[in-house]
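Keep in mind that what you see is a predicted model, and the values were worked out from it rather than measured.
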Amino acid sequence: MDKSFEPGTIESKWYDYWESHGCFKPAGNGEPYCVLLPPPNVTGTLHMGHAFQQTIMDMLVRYHRMRGDNTLWQVGTDHAGIATQKIVENQLAAAGTDKHALGREAFIERVWQWKGESGSTITNQMRRIGTAADWSRERFTMDEGLSAAVRKVFVQWYRDGLIYRGNRLVNWDPVLGTAVSDLEVNNVERDGHMWSIRYPVAGSDESVVIATTRPETMLGDVAVAVHPEDERYTHLVGKTLTLPLVGRQIPVIADEYVERDFGTGCVKITPAHDFNDYEVGKRHGLENLTIFTLDAKVNDNAPAAYRGLDRYEARKKILIDLEAIGALVETKPHKLQVPVSQRSDAVIEPMLTDQWFVDLTSAKGREKISGPALEAVRSGQIRFVPDNWSKTYAQWLENIQDWCISRQLWWGHQIPAWYDEAGNIFVGEGEADAIAHAMTAPVGALTRDADVLDTWFSSALWPFSTLGWPLDGAVKNDAGQIVANWSTDKIYLPSAVLVTGFDIIFFWVARMVMATLYFTDEVPFREVYINAIVRDAEGQKMSKSKGNTLDPLDLIDGIELEPLVAKSTKALLIPQVRDKVEKRIRKDYPDGIPAIGTDALRFTFAALASYSRTINFDISRAEGYKAFCNKLWNAARFVLMNVDDDAAIAAAGTPPATAAERWILTRLAQTLAEVEQHFANYRFDHLAQALYEFVWNEYCDWFLELTKPALNGDDATAAASTRRTLLTVLETVLRALHPVIPFITEEIWQDVAPRLDIHADTIMARPYPQAGEFSTDATAAADVEWLKAVLSGVRRIRAEMNIAPGKPIDLLLADGDASDRQRADTFAPSLAFLGRLSSQNWLQASADEPAAAASVVGQMRVLIPLAGLIDLDAEKARLTREIKRIEGEIKKCEGKLGNARFVDNAPAEVVAQERQRMTDWSTQRDALGDQLARL
RNA sequence: GGGCGGUUAGCUCAGCGGUAGAGCGCUACCUUCACACGGUAGAUGUCGCAAGUUCGAUCCUUGCACCGCCCACCA
């Protein structure tokens with residue numbers, strides 16, 4: 001083995017081996033355990049969030065597979081309608097053309113081509129993270145089987161009366177030219193204005209003043225509303241106003257929606273371009289007057305002067321014109337929330353359009369779809385981890401709106417609906433099926449609906465569509481192999497746990513619950529683990545324009561400064577931003593990013609994965625875990641070095657010969673028990689910490705050191721037994737660590753396992769270790785604690801008295817009892833080796849006590865004679881300091897024990913514990929006090 | 001407006017009713033035959049503020065302050 005751990009050389013070797021040998025496929029007759037990968041965008045690239053989330057899934061999958069569960073990690077990618085279409089549209093634009101020039105069919109062909117080129121980028125990146133996913137079952141949301149599932153679900157919901165088509169006000173993205181759902185709209189605070197405009201009452205000198213942030217929409221006003229009990233205006237209700245600039249006559253209506261205290265208490269009503277106004281309009285039977293085209297220009301319903309103007313140009317002109325006629329009463333700055341499309345940053349324009357909806361709000365929609373989804377979480381059939389997210393989930397479902405599922409795009413699942421020349425709707429899996437299920441025969445030719453479905457519609461079916469539903473056994477991959485069989489694969493439903501981010505609880509999680517319950521009567525998963533969001537070391541969101549993103553692959557492989565700068569600034573078009581980012585990177589990573597390897601990156605993710613909702617990724621922390629990998633590596637080197645060919649190794653089943661072995665096996669069992677708990681609770685941070693501490697602070701710091709005297713001593717039995725225990729604990733802890741750090745554990749295990757006559761192709765094929773496999777020994781544990789205490793005392797004296805670490809010293813023990821004497825005998829070689837002692841003796845009762853530095857273990861004094869080593873004053877000062885500290889502790893104990901209410905009310909064991917503490921401190925204080933007196 | 005988090009060592013975070021912890025960083029000493037990606041010893045905290053419950057509160061309750069996120073938004 002090399003002197004230090006070099007991750008690069010082993011990672012691809014083992015990944016290729018595992019994948020090509022089918023190690024990631026479900027196997028065995030154990031309990032089904034399925035994890036669904038949230039399918040990433042097919043043309044995307046891996047970011048830190050993916051890497052973190054996938055590491056968590058991979059740890060679970062590897063753990064359960066080793067536990068013998070029939071484990072399936074279902075992977076795949078999402079066609080990501082808008083995102084993917086946009087990329088290809090940008091490519092076309094760069095080439096000086098556009099999708100309309102190409103035509104729909106050619107455009108879609110072009111997208112498929114792009115998918116073919118870049119679709120495996122992210123899955124190959126996933127492989128670098130080490131993900132043990134069954135790639136032979138990889139799916140794509142637009143593959144044949146999933147498309148069949150989409151059609152079947154759409155048609156079934158339609159026939160069950162749960163999908164409808166309607167002309168509704170929807171969030172319209174005028175740049176992308178499509179409707180988007182409520183969830184795809186962000187409200188962003190922007191500086192704007194509030195304008196007050198005077199509307200004259202027809203045939204009167206009176207007028208009302210309305211306030212608006214969007215004066216251009218006045219072109220579509222059909223009323224002005226006041227509160228029914230607002231006495232300022234009751235006399236005007238029912239009267240008519242003349243809409244300035246337009247001249248149209250509009251009524252004054254009364255509606256409780258109006259807040260009397262806000263503005264003037266008069267609200268202009270534009271039902272076709274505002275969601276609240278739309279509701280008011282419905283209540284009052286008002287006309288919906290659309291005044292914008294689909295690309296947000298003023299249409300022909302407006303006066304000629306404004307037609308064709310963009311909505312913001314129209315706003316300017318209208319304000320000028322209002323000013324000119326004296327109708328503009330006031331202009332003041334106003335902060336407002338602007339609805340912005342997530343995908344294009346365009347300001348959303350509410351538009352009346354024909355769209356398809358899933359009914360989630362009618363009595364039937366609630367009973368059949370949204371209600372059961374709510375109930376599944378309320379009843380505990382689905383459990384959120386951490387639990388508080390179930391509240392978020394429930395509140396959204398309680399206030400849910402119908403789901404607008406149609407998108408005016410080309411890339412996606414085209415809606416299986418046709419229209420005849422009379423406008424009748426025909427829905428079916430194909431044209432013939434649609435006609436066959438219709439009440440009436442079509443009038444003339446059928447035309448297919450041009451729209452596609454929201455990307456999340458197909459994602460919602462992921463839990464069962466990937467298992468082969470509804471084309472049982474008929475879906476084959478390019479190699480002609482069947483990828484999924486619903487009749488046999490449905491054992492993986494419900495899946496065990498969904499690992500995902502809170503940002504898609506509504507987009508995805510809730511919709512999977514709705515669809516899966518409806519079509520399979522099963523919940524899609526039993527648990528939902530909501531992982532944290534990854535931020536930079538300062539807690540800032542990672543963003544390319546800030547220059548604080550990290551590419552997980554750069555952490556794994558390392559990257560020099562110049563390539564890092566080049567890559568981080570490449571896509572940035574604004575020079576100021578580019579300069580800022582470059583400056584930041586040169587400051588943050590003056591030497592580039594060191595290669596830490598996949599294992600260290602994964603360990604870091606595990607160590608950061610507490611229940612908190614954000615994690616701040618700090619490279620220095622990752623470097624620390626790289627050191628851990630190196631530590632493990634070198635521990636293995638030490639072990640292997642000591643079990644070379646002719647070294648005797650005790651036979652399997654031989655009881656451990658030394659207390660040190662019994663102690664480390666005890667600690668191993670305890671650690672494994674903790675690890676099992678932490679896996680069950682998804683506390684990967686505690687899991688990582690428990691294993692880290694065991695390996696470093698116990699196995700390496702103490703056990704390896706304790707084996708040295710045994711390995712080099714005369715007792716052949718002890719040496720042989722020690723070799724077996726060294727190997728056993730190492731082999732076991734490698735398996736325990738494998739789900740977290742798969743590569744290094746496999747690499748080392750290959751060398752270690754054969755020494756124990758364990759033969760398997762891969763560590764993945766071996767069972768996960770269980771606490772019960774190792775017997776515990778409380779006596780041995782206490783013995784080693786004693787040894788550690790004595791050595792700590794000796795080392796502290798050395799350090800504080802400035803005795804060179806390598807200088808041999810004499811040890812004198814005094815006042816101990818029989819058990820101290822026995823332990824001193826047992827551990828004599830260890831004490832000599834670890835304490836660098838030239839001699840160790842018990843102080844004879846009759847002998848004069850030499851001047852010595854002291855520390856106390858229980859009843860026993862640990863003495864280092866001072867002669868020639870140190871001066872008395874230094875030791876006196878040291879003892880005085882120590883006694884003072886102990887007296888502080890005693891004072892605390894006295895305070896408690898002197899309080900009658902504490903003694904009376906606290907549990908007996910707490911009081912007993914406090915008394916014991918008091919005794920221990922007092923013994924120490926007395927012993928050190930005596931020592932000081934002697935000096 | 002409704003909801004959910006957070007505030008603990010210089011930094012990043014665990015702990016959550018009974019002696020304040022980890023990693024990184026810091027100080028001193030040590031190239032000892034697994035490892036300097038190392039070893040040994042050490043320093044560092046009125047656990048956001050205030051009141052309450054309790055024998056006892058970093059931990060429970062209430063209020064407050066600051067930071068953050070989600071949802072809904074008065075035109």
Looking for any heavy atom pair under 4.0 Å, which part of the strands does [X] touch: base, sugar-phosphate only, or nothing?
X	answer
A:D277	nothing
A:E398	nothing
A:N276	sugar-phosphate
A:H273	nothing
A:R683	sugar-phosphate
A:R795	sugar-phosphate

For residues A:H273 and A:I291, report the shortest heavy-atom separation together with the two atoms involved.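 The answer is NE2-N, 3.0 Å.
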
How close do A:L608 and A:N616 get, counting heavy atoms only, and between which atoms?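 Residues A:L608 and A:N616, closest heavy atoms: CD1-O, 4.2 Å.
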
With both distances kept under 3.5 Å, what pairs with [N], Watson-Crick or G-U wobble?
N	result
B:G42	B:C26
B:C16	none
B:G5	B:C67
B:A50	B:U62
B:A57	none

Determine yes or no for a side-chain-to-main-chain donor-acceptor pair under 3.5 angstrom, with [X] supplying the side chain and [Y] the backbone.
X	Y	value
A:H193	A:H334	no
A:N186	A:V340	no
A:W633	A:D2	yes

Quick check on RNA chain B: between A:N697 and A:N616, whose nearest nucleotide comes earlier from the 5' end?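 Result of the comparison: A:N616.
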
Return no unless some side-chain N or O of [X] is found under 4.0 Å from OP1 or OP2 of [N].
X	N	value
A:K807	B:U32	no
A:S4	B:C37	no
A:K391	B:C4	yes
A:H686	B:A22	no
A:W696	B:A34	no
A:R796	B:G42	yes
A:N630	B:C37	no
A:R885	B:G42	no
A:S612	B:A14	yes
A:K631	B:G39	yes
A:R621	B:G23	no

Please confirm whether the ring centroid of A:Y625 lies under 6.0 Å from the ring centroid of A:Y692.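 Yes - the distance between ring centres of A:Y625 and A:Y692 falls below the 6.0 Å cut-off.
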
Name the closest nucleotide to the [X] side chain, picking from [options].
X	options	result
A:F902	B:C4, B:C35, B:C55	B:C55
A:R637	B:A34, B:U19, B:U32	B:A34
A:F502	B:U12, B:A20, B:C69	B:C69
A:E693	B:A22, B:G5, B:U19	B:A22

Distance check, rounded to the nearest 0.5 Å: A:T671 atom OG1 versus A:E674 atom CD?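 Reported to 0.5 Å precision, the distance equals 5.5 Å.
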
